[in-house]
Structures are given as structure tokens and as C-alpha cells.
Amino acid sequence: MINRILLLITTSIILLSCSTSKTVSKVVAIETYQKELASYYMDPKTTPLVDDEKTNFKGITFFPINEKYTVKAKFTPIENGKIIPFPTSAKKIKKYKEYATVTFTLDNQQQTLTIYQSFPIMEKYEDSLFLPFMDETNGVTSYGGGRYLDLNTKDFTTKSNEIVLDFNQAYNLYCAYSKHYNCPIPPANNVLDVEINAGVSYHK
């Protein structure tokens with residue numbers, strides 16, 4: 001009996017250790033991503049900002065990392081997706097092709113978003129996918145023009161039709177910090193009725 005209890009305790013410790021290790025690994029990955037993004041804007045060699053914008057730029061800010069916003073979603077490929085004209089911040093049009101929908105639950109509410117692929121597809125970016133979205137934080141604690149998540153076609157190869165969406169890696173379009181870019185505005189079908197308190201925040 002004692003041996004059985006010891007075995008159960010040992011097994012529990014191992015499982016807890018594995019679970020903790022995975023959690024730490026996820027957090028480290030998010031922290032690394034955020035540090036690289038912040039560095040990208042601050043580094044004179046890579047920043048998308050022009051000289052006069054650098055003077056007033058205070059750096060990228062983030063919501064606290066929260067695993068609640070790393071969600072498992074069911075994806076449904078869109079066969080013969082439509083080509084959608086996106087209005088942009090510069091009052092122009094960019095075209096994107098529907099690629100898939102993703103459905104997940106957050107705050108006990110089912111949410112559905114559409115994932116897009118730039119059109120026409122450039123060979124260099126043929127695996128790149130684009131998830132623009134808005135949520136209840138826009139214009140309050142996040143940028144009013146919405147945020148983006150980057151995905152890859154290779155993320156959609158699982159047999160279970162599941163994908164992980166990590167909103168801790170949501171980022172602002174360049175237009176949040178500069179007037180020199182032409183940024184697509186998230187469409188009405190990608191507006192969430194919940195708060196996404198994760199990823200890049202925004203304070204003027």
C-alpha cells in the first residue's frame with residue numbers, strides 16, 4: 001500500500017513537473033517574442049519609424065502575459081475563398097483571400113474569426129497567413145485600429161483540425177506608431193465582443 005502511494009506521489013510530481021515545464025516554456029517563448037518586437041522598433045537599423053517619429057516614440061508596451069488568451073481553436077478551411085477588398089488607414093484598398101475560419105471559446109462565449117492570405121500570393125510569402133481582429137479593448141487599452149496575429153499554412157496540417165491561437169503575441173499595425181504606412185483595417189466579421197487583454201497594448 002505504501003509503495004502504491006509513493007508511486008502515485010512520484011507520478012503526480014513528474015506530471016506536475018512536466019506541466020510546469022511546458023508552462024514555463026510557453027512563457028519564455030512569449031517573453032522572447034515580445035523582447036524581439038520591442039527591440040525591432042527601438043533598433044535604428046530595423047525600426048519602421050522615420051527620424052521625426054523616433055523622438056516621441058516611448059517604446060512598445062504589453063499586457064501582462066496571460067495563458068487564458070492562449071486558446072485552442074477548431075479551424076475550417078474555406079474552399080475557393082473569396083477575394084476580399086480591405087479598406088486601409090491610407091484610404092486605399094488591399095486584397096486578401098479567405099483561407100479558413102477558426103472557432104474558439106473565451107469568457108464562456110463562442111467566437112469565430114476568419115484567417116486571410118495576401119492576394120495575389122507572392123512566392124516569398126506563400127505560407128504566410130494573416131489574422132486581423134478587433135476586440136473590446138480597442139481605443140481604450142489597445143490601438144483603436146485593431147491588432148494582428150501572424151500564422152502559417154503549416155499550422156493547419158493537424159488531423160484534429162485544431163490550432164493554437166496565442167493572443168499574447170498579438171501586435172499593432174505600423175500605423176499605430178507612424179503615418180507613413182498603409183495598414184489594412186480588420187473587417188466587421190473579425191470584431192470580437194470580448195476583451196483581449198493580451199499582446200501589445202497602446203498608450204499615447
To the nearest 0.5 Å, what is the distance between [atom1] ([X]) and [atom2] ([Y])?
| X | Y | atom1 | atom2 | value |
| --- | --- | --- | --- | --- |
| Thr103 | Lys74 | OG1 | NZ | 10.5 Å |
| Lys82 | Thr114 | NZ | OG1 | 11.0 Å |
| Asp166 | Thr70 | CG | OG1 | 3.5 Å |
| Glu126 | Met122 | CD | CE | 11.0 Å |
| Gln110 | Thr105 | CD | OG1 | 5.5 Å |
| Ile78 | Glu98 | CD1 | CD | 4.5 Å |

Is there a continuous path of hydrophobic side-chain contacts, each under 4.5 Å between heavy atoms, that joins [X] to [Y]?
| X | Y | result |
| --- | --- | --- |
| Leu131 | Tyr33 | no |
| Val194 | Leu165 | yes |
| Tyr69 | Val71 | yes |
| Tyr171 | Tyr181 | yes |
| Ile60 | Ile196 | no |

Leu173: partners by side chain to side chain contact (heavy atoms under 4.5 Å, CB included), with sequence neighbours left out: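 Result, side chain to side chain contact (heavy atoms under 4.5 Å, CB included) vs Leu173: Tyr143, Tyr148, Cys175, Cys183.
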Pairing residues for Thr46 by the side chain to side chain contact (heavy atoms under 4.5 Å, CB included) criterion, not counting sequence neighbours: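 Partners of Thr46 by the side chain to side chain contact (heavy atoms under 4.5 Å, CB included) criterion, ordered by chain and then number, come out as Tyr40, Asp43.
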Judged by atom type as modelled, is there a donor-acceptor pair below 3.5 Å linking the side chain of [X] to the main-chain atoms of [Y]?
| X | Y | answer |
| --- | --- | --- |
| Asn56 | Glu53 | no |
| Asn172 | Tyr202 | no |
| Thr32 | Val28 | yes |

Nearest non-hydrogen partners of [X] and [Y], listed with the distance:
| X | Y | result |
| --- | --- | --- |
| Lys97 | Gly81 | CE-O, 3.5 Å |
| Asn168 | Ala198 | OD1-CB, 3.7 Å |
| Pro85 | Ile93 | CB-CG2, 3.7 Å |
| Ser142 | Val200 | CB-O, 4.4 Å |
| Ala73 | Val102 | CB-CB, 4.0 Å |
| Pro186 | Gly146 | CG-CA, 4.2 Å |

Test side chain to side chain donor-acceptor pair (under 3.5 Å) applied to Thr101 and Thr112, step by step: CA-CA 7 Å; Thr101 59; Thr112 298; over 6 Å; no
Residues that [X] engages under ring pair (Phe, Tyr, Trp, His ring centres under 6.0 Å), provided they are two or more places apart:
| X | answer |
| --- | --- |
| Tyr41 | Phe57, Tyr177 |
| Phe156 | Phe75, Tyr99 |
| Phe133 | Phe167 |
| Phe86 | Tyr96, Tyr116 |

Heavy-atom side-chain proximity of Lys54 to Thr47 below 4.5 angstrom: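 Side-chain contact under 4.5 Å: yes.
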Contact check, side chains of Leu113 and Phe104, non-hydrogen atoms, under 4.5 Å: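 A side-chain contact under 4.5 Å exists here.
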Please collect all salt bridge (charged side-chain N to carboxylate O under 4.0 Å, His left out) contacts where either partner lies in [range], sequence neighbours excluded, each pair once.
| range | value |
| --- | --- |
| residues 181-198 | none |
| residues 99-109 | Lys68-Asp107 |
| residues 136-150 | Asp135-Arg147 |

With sequence neighbours excluded, residues passing salt bridge (charged side-chain N to carboxylate O under 4.0 Å, His left out) with Lys72: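 Listed in chain order: nothing, the list is empty.
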Partner set under side-chain hydrogen bond (donor to acceptor under 3.5 Å, both in side chains) for Thr141, not counting sequence neighbours: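 Partners of Thr141 under the side-chain hydrogen bond (donor to acceptor under 3.5 Å, both in side chains) test: none.
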For Met134, the rest of its hydrophobic cluster, which grows through side-chain links under 4.5 angstrom: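 Ile185, Val191, all in the cluster of Met134.
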